[in-house]
Colleague: 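Below: one structure in structure tokens.
Quantities reported herein were computed from a predicted structural model and do not represent experimental measurements. Every heavy atom of this structure was used, including side-chain atoms; hydrogens, water molecules and symmetry mates were not. A, B, ... follow the sequence lines: proteins, then strands. Residue 1 opens every chain.
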Amino acid sequence: MMSKEENKTNLIVNYLPQTLTEEEFRSIFLSIGPIKNSKIVRDKVTGNSFGFGFVEYESETDAQRAIQTLDGLPLQTKRLKVAIAKPGSENIKGCNIYVRNLPKHYTEKELNEMFGKYGKIVNSRVMIDLQTKESKTVGFVLYDTKEEADNAIAELNNKVPPSGTLPLLLKYADDSKKFRQPGQIQQQVQQQPSPPQQQQPFSQGYASFGGPRFPSPGGPMRTPAGNRFRFNPIGGPTNNPGLLNYNQNSFVTNNLGINAQGLKQENGGSSNVIFCYNIGNDTTERELWTLFKPYGTVLKCNALWDAQKNQCKGYGFVTMATWQEAAHAIQELNGYYFKNRPLSLSFKT
DNA sequence: TGGAATT
């Protein structure tokens with residue numbers, strides 16, 4: 001058996017949308033290459049996703065390609081973070097610190113400066129209030145090792161930062177494990193993707209400074225904001241500057257009501273139907289469903305069939321549950337390469 | 001008193 005230190009094929013994937021199914025998760029990563037296994041980590045009792053998962057590839061090359069291609073992938077209101085998973089046997093628990101009483105003006109930058117002295121920071125965040133956009137003066141710092149976290153708590157707990165007035169309160173973030181304790185059984189895990197579930201409104205995403213983003217120093221490559229790409233679950237990635245034509249800091253604002261590139265609520269706000277042009281002539285309705293599912297509840301997929309040529313006519317229609325979901329899908333997928341063709345998406349007129 | 005980074 002290969003020693004765990006050599007294993008560079010197992011990836012940890014963070015910031016998964018809450019509603020992402022195992023099937024969708026797998027299909028995104030399968031587009032890179034063959035997978036040994038994949039799993040979204042869930043609460044054993046409720047089945048709720050913890051928002052992260054694992055994907056193990058058969059080859060290191062594919063694992064690296066998955067990082068290059070999928071790290072930073074926008075999915076619903078989040079951006080995936082993809083990195084090599086540390087071997088489970090390592091001392092990787094208790095590395096996450098919860099911080100209270102941060103000075104109001106602190107962002108991750110100041111947090112990293114303050115905490116970086118005590119070790120390698122894998123991830124950090126400052127929570128902000130969605131309404132006021134102000135810091136909640138609460139944050140998290142995830143270190144690489146337990147020793148670093150221990151050291152930071154010993155050095156910084158109850159200390160008043162240079163620009164602050166209150167002493168910092170530091171705790172191990174998951175010492176209580178409240179949310180993982182067995183509670184009352186609510187419902188069994190639903191394995192089937194159907195029936196269509198109600199999507200969470202865009203505004204329910206969490207926020208930290210910069211919104212869901214490419215987190216802090218120390219981790220593997222971050223896709224820079226200037227190197228945006230679209231991901232095509234079937235045809236592979238391609239550069240496309242049209243994606244996320246708002247800056248990362250406006251993520252939260254955009255989640256509250258999409259208003260991008262000509263997609264305006266006044267052009268009906270009523271049509272849920274997307275006209276999909278240039279889908280090629282071998283595209284199935286199932287493929288369309290897979291393509292659009294990350295953007296909401298797909299009610300109907302239709303690929304028009306040419307009976308004479310016995311092939312798809314090269315266009316179709318996809319009906320989403322709401323105008324917002326349709327707008328979101330158009331915003332994300334228009335111009336995006338699907339089976340080596342740029343999709344042309346618009347509201348059905 | 002708080003999100004979701006080790007199955």
Colleague: Under the 3.5 Å rule, do the base of B:dT7 and the side chain of A:Asn37 count as making a donor-acceptor pair?
Modeller: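 No.
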
Colleague: Rounded off to whole Å, could you give me the CG-to-P distance for the A:Leu16 and B:dT7 pair?
Modeller: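 Nearest whole value for this atom pair: 15 Å.
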
Colleague: Counting side-chain heavy atoms from C-beta on, which of B:dG2, B:dA5, B:dT1 comes nearest to A:Arg100?
Modeller: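 Comparing B:dG2, B:dA5, B:dT1 against the side chain of A:Arg100, the answer is B:dT1.
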
Colleague: Please report, rounded to the nearest Å, how far the C1' atom of B:dG3 is from the CD atom of A:Gln18.
Modeller: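 Distance, rounded to whole Å: 11 Å.
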
Colleague: Tell me if a side-chain donor or acceptor on A:Glu24 pairs with a main-chain N or O of A:Thr21 at a distance below 3.5 Å.
Modeller: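 Looks like yes, one N/O pair under 3.5 Å.
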
Colleague: Tell me if the centroids of the rings in A:Phe275 and A:Phe347 come within less than 6.0 Å of each other.
Modeller: no

Colleague: With the six-membered base ring of B:dA5 as reference, does the ring of A:Phe52 sit under 5.5 Å away with planes under 30° apart?
Modeller: no

Colleague: Whether A:Lys133 and A:Asp129 form a salt bridge (side-chain N of Lys/Arg under 4.0 Å from carboxylate O of Asp/Glu) is what I want to check.
Modeller: no

Colleague: Would you mind telling me which of B:dT7, B:dA5, B:dG2 lies closest to the side-chain atoms of A:Val41?
Modeller: B:dT7

Colleague: Give the rounded distance in Å between these two atoms: NZ of A:Lys146 and C1' of B:dA5.
Modeller: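 Between C1' of B:dA5 and NZ of A:Lys146: 16 Å.
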
Colleague: Rounded to whole angstroms, how far apart are CD on A:Glu148 and C1' on B:dA5?
Modeller: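 Rounded to whole Å, this separation is 15 Å.
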
Colleague: Atom CZ of A:Arg42 and atom C1' of B:dT6: how far apart are they, to the nearest Å?
Modeller: 17 Å

Colleague: Within the structure, does a side-chain N or O atom of A:Lys93 lie under 4.0 Å from either OP1 or OP2 of B:dT7?
Modeller: yes

Colleague: Is A:Phe54 stacked on the base of B:dT6 when the test is centres under 5.5 angstrom and planes under 30 degrees?
Modeller: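 A:Phe54 vs B:dT6: stacking no.
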
Colleague: Do A:Glu22 and A:Arg26 sit within salt-bridge range, that is, some charged N less than 4.0 Å from a carboxylate O?
Modeller: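 So A:Glu22 does not pair with A:Arg26 through a salt bridge.
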
Colleague: Without decimals, in angstroms, what is the distance between A:Leu170 CG and B:dT1 P?
Modeller: 16 Å

Colleague: In whole angstrom, what separates A:Tyr98's OH from B:dT1's P?
Modeller: 8 Å

Colleague: How close or far is atom P of B:dA5 from atom CG of A:Asn10, stated in whole angstroms?
Modeller: 16 Å

Colleague: What nucleotide, of B:dG3, B:dT7, B:dT1, holds the atom closest to the side chain of A:Lys39?
Modeller: B:dT7

Colleague: Does the side chain of A:Tyr118 reach to within under 4.5 Å of the side chain of A:Glu148, using non-hydrogen atoms?
Modeller: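 Sidechains of A:Glu148 and A:Tyr118: no contact.
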
